[in-house]
Amino acid sequence: MKTVRINLSSIDKVKNFVNDINRFDSDFDLVSGRYVIDAKSIMGIFSLDLSKPINLNIHDDNEVDEVLEVLKKYEA
C-alpha cells in the first residue's frame, strides 16, 4: 500500500479525480481524520472536508507507478 497527499479544493478537481481514478481496477481510499471513504465515490468525497489536503491510500503495488503519474496534478 502507498499513501500520497492530494488536494481536491474544487468541484472540477473532484470530478476529474474520480474520472481519473476509475480508470484503474485497484482499490483506493481517501482518509481525512477518522473518516475513510472509497476514493471512487464522488458522493463520499463530497462528505469530507476538502479545504485541506487528504491522504489517498493506493491498495495495489503493481500499478502504483502508473497511478502516481496520473495523480501528479492532484498532489498537495
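Worth saying up front: this structure is predicted, and the values here are computed from it rather than measured.
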Shared hydrophobic cluster for Ile6 and Val36 (ILVMFWY, side-chain gaps under 4.5 Å): no
For the [atom1] atom of [X] and the [atom2] atom of [Y], what is their distance to the nearest 0.5 Å?
X	Y	atom1	atom2	value
Lys13	Asp20	NZ	CG	12.0 Å
Phe46	Lys15	CZ	NZ	8.0 Å
Asp27	Ile58	CG	CD1	11.5 Å
Lys52	Arg5	NZ	CZ	9.0 Å
Arg23	Glu63	CZ	CD	10.5 Å
Ser41	Ile21	OG	CD1	12.5 Å

Do [X] and [Y] make a side-chain contact, defined as non-hydrogen atoms from C-beta onward lying under 4.5 Å apart?
X	Y	answer
Asn16	Tyr74	yes
Ile45	Leu50	yes
Asp29	Leu56	no
Val31	Ile54	no

Leu68 atom CG, neighbour heavy-atom count above 12 within 6.0 Å: yes
Residue Asp25 excluded, over 12 heavy atoms near CG under 6.0 Å: no
Worked verdict on Asp12 versus Ser10 for side-chain hydrogen bond (donor to acceptor under 3.5 Å, both in side chains): CA-CA 5 Å; Asp12 287 334; Ser10 72; 5.4 Å; no
Taking all heavy atoms of [X] and all of [Y], pick out the closest pair and write down the distance.
X	Y	value
Ala39	Val18	O-CG2, 4.2 Å
Met1	Asn57	SD-CB, 3.9 Å
Ser47	Ile37	OG-CG2, 4.4 Å

Backbone N/O of Phe24 and side chain of Lys40: donor-acceptor pair under 3.5 Å: yes
Phe17: which of Val70, Ile42, Leu30 passes side-chain contact (heavy atoms from CB on, under 4.5 Å): Leu30
